[in-house]
Amino acid sequence: MTSRKFFASITAEEDKPFDFLRALYEGSIAGAAAGVIVEAVLYPIDTIKTRLQVAHVGGKIILKDLYSGLNGNLIGSLPASAVCVGVYEPAKQALLISLPEKFSALAHLTAGIIGGAASSLIRVPTEVVKQRMQTGQFASAPNAVRLIIAKEGFKGLYAGYGSFLLRDLPFDAIQFCMYEQLRIGYKIVRKIGLEICGWRIFPNCYFSAFPSFLEDNPLARRELNDLETAMIGAFAGAITGAITTPLDVIKTRLMVQGSAKQYQGICDCVRSIMREEGSHIFFKGTAPRVLWIGIGGSIFFGVLERTKQLLAKRRPIDMEKSSLLEQDSKL
């Protein structure tokens with residue numbers, strides 16, 4: 001069996017054939033676990049961020065009921081995260097196998113967009129209900145859904161859908177790509193460090209002795225540990241959160257306006273904010289957003305990778321190994 005590309009799967013075991021259903025299943029379970037934990041832990045920061053973005057110039061920020069809408073959001077975030085990662089993982093692996101190694105970043109970007117688009121059908125209604133509860137428009141998720149449909153129709157649950165895609169598709173693409181590329185880069189730097197270490201240990205016989213040194217060193221083969229994954233996830237999340245803050249402000253304004261229809265669309269929202277409040281408003285809530293997504297990135301990717309490792313340990317023996325065992329038993 002030919003060895004897999006180095007870039008083909010930085011999170012999966014090497015020398016494994018691509019299994020679409022397994023990648024879909026394990027990605028869905030890991031994504032659901034990671035998404036729910038992040039939402040539950042960081043929901044208050046998200047509430048503060050939303051209220052900052054909605055408040056107009058001179059408006060006060062209410063710091064009560066920071067967990068308002070959490071239950072309904074958890075119900076929606078579980079399947080949304082499951083779909084996002086469940087679609088991302090097999091799409092990523094398929095693209096990395098089919099594309100040249102130098103296009104690994106493109107594969108990660110594309111897979112992120114596909115996963116984000118698939119999950120948007122669940123994410124958007126969840127986000128609409130959550131943000132309207134965070135701003136005090138409704139007391140419970142069931143009432144929010146019922147009243148939104150009664151006043152605005154079913155399409156009210158998808159208010160700001162275009163702006164949501166405008167924010168989340170770039171967000172998912174950049175965050176996943178940055179995370180994956182940082183993992184690859186970290187492994188390369190670690191390998192270079194071991195090569196330097198090997199040269200210092202074997203200065204006179206480097207080329208003959210070092211391959212054995214590198215092969216025997218567990219640092220050259222091991223996956224990233226939990227702390228390394230969390231740090232890379234935090235960095236990727238924080239940078240992505242800062243870059244996409246203006247898009248998040250537009251999305252939030254469109255989603256919470258309700259039937260008042262203060263803005264007629266994305267372009268009208270941008271023009272109105274520029275004219276009435278100034279361009280600096282597009283970066284309102286940057287600090288809590290970067291904090292929220294930075295911490296969220298560390299938790300999300302940490303839980304994601306740990307869950308995938310646990311699921312990998314529960315995999316049945318590969319058919320290839322099973323046949324070998326059968327042959328050995330007959331001898």
Side-chain angles (χ1 to χ4, degrees), residues 9-13 16 22-47 49 67 69-93 108 111-112 114-116 118-120 122-123 126-127 130 168 171-187 222-241 244 288-315:
S9 180
I10 60 174
T11 57
E13 297 178 22
K16 296 284 186 180
R22 177 177 290 174
L24 178 64
Y25 167 74
E26 293 184 355
S28 298
I29 298 297
V36 167
I37 291 175
V38 169
E39 288 293 335
V41 172
L42 301 178
Y43 195 79
I45 301 176
D46 182 36
T47 300
K49 182 270 301 179
Y67 279 96
L70 174 61
N71 292 335
N73 191 57
L74 291 180
I75 294 173
S77 66
L78 189 150
S81 298
V83 170
C84 182
V85 182
V87 172
Y88 169 78
E89 283 293 332
K92 175 191 74 174
Q93 294 184 29
H108 294 139
I114 295 172
S119 66
S120 67
I122 303 173
R123 276 183 181 177
T126 303
E127 191 84 355
K130 177 192 74 173
D168 266 43
F171 178 89
D172 290 330
I174 295 171
Q175 185 180 39
F176 276 115
C177 179
M178 186 174 295
Y179 169 73
E180 301 275 18
Q181 293 296 313
L182 284 172
R183 281 176 62 91
I184 293 173
Y186 182 84
K187 289 183 177 182
R222 73 166 177 84
E223 284 292 332
L224 273 62
N225 60 36
D226 293 340
L227 179 60
E228 291 167 332
T229 297
M231 291 177 64
I232 291 175
F235 185 78
I239 298 299
T240 307
T244 57
R289 177 171 167 80
V290 169
L291 176 65
W292 167 51
I293 298 179
I295 298 174
S298 68
I299 298 173
F300 181 86
F301 287 110
V303 174
L304 183 73
E305 297 298 341
R306 174 57 62 182
T307 305
K308 286 163 64 177
Q309 290 172 15
L310 293 175
L311 290 171
K313 292 179 181 179
R314 298 173 60 88
R315 290 175 183 170

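Side chains included, hydrogens not; waters and symmetry mates left out as well; all remaining heavy atoms used.
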Which atoms form the tightest heavy-atom contact between [X] and [Y], and what is the distance?
| X | Y | answer |
| --- | --- | --- |
| Ala91 | Ile114 | CB-CD1, 4.4 Å |
| Val303 | Ala33 | CG1-C, 4.1 Å |
| Ser77 | Gly35 | OG-O, 4.4 Å |
| Arg123 | Ala80 | CG-CB, 3.6 Å |
| Ala34 | Leu304 | CB-N, 4.0 Å |
| Ser119 | Gly116 | OG-O, 3.1 Å |

Close side-chain approach of [X] and [Y], heavy atoms under 4.5 Å:
| X | Y | answer |
| --- | --- | --- |
| Ile293 | Gln175 | yes |
| Leu224 | Glu305 | no |
| Val85 | Phe300 | yes |
| Thr47 | Tyr43 | yes |

Using atom types as modelled and distance alone, determine if a side-chain donor or acceptor of [X] lies under 3.5 Å from a backbone N or O of [Y].
| X | Y | result |
| --- | --- | --- |
| Glu228 | Asn225 | yes |
| Ser81 | Leu78 | no |
| Ser298 | Ile295 | yes |

Got a second to check how far [X]'s [atom1] is from [Y]'s [atom2], nearest 0.5 Å?
| X | Y | atom1 | atom2 | result |
| --- | --- | --- | --- | --- |
| Ile299 | Glu39 | CD1 | CD | 11.0 Å |
| Thr307 | Leu311 | OG1 | CG | 6.5 Å |
| Asp168 | Thr244 | CG | OG1 | 8.0 Å |
| Ile45 | Leu291 | CD1 | CG | 4.5 Å |

*Are Thr229 and Arg306 close enough, and set up right, to give a side chain to side chain donor-acceptor pair (under 3.5 Å), and what steps lead you there?*
CA-CA 9 Å; Thr229 297; Arg306 174 57 62 182; over 6 Å; no

*What residue pairs, at least two apart or across chains, pass side-chain hydrogen bond (donor to acceptor under 3.5 Å, both in side chains) with a residue in residues 23-36?*
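Every side-chain hydrogen bond (donor to acceptor under 3.5 Å, both in side chains) pair that includes a residue of residues 23-36, provided the two are not neighbours, is Glu26-Arg315.
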
*Check ring pair (Phe, Tyr, Trp, His ring centres under 6.0 Å) between Phe176 and all other residues, then give those that pass, not counting sequence neighbours.*
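Listed in chain order: Tyr88, Phe301.
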
*With Asp46 via salt bridge (charged side-chain N to carboxylate O under 4.0 Å, His left out) - residues at least two apart*: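 Partners of Asp46 under the salt bridge (charged side-chain N to carboxylate O under 4.0 Å, His left out) test: Lys49, Lys130.
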
*asked:* Run Gln181 and Ile184 through side-chain contact (heavy atoms from CB on, under 4.5 Å) and show every step you take.
replied: CA-CA 5 Å; Gln181 293 296 313; Ile184 293 173; 4.1 Å; yes

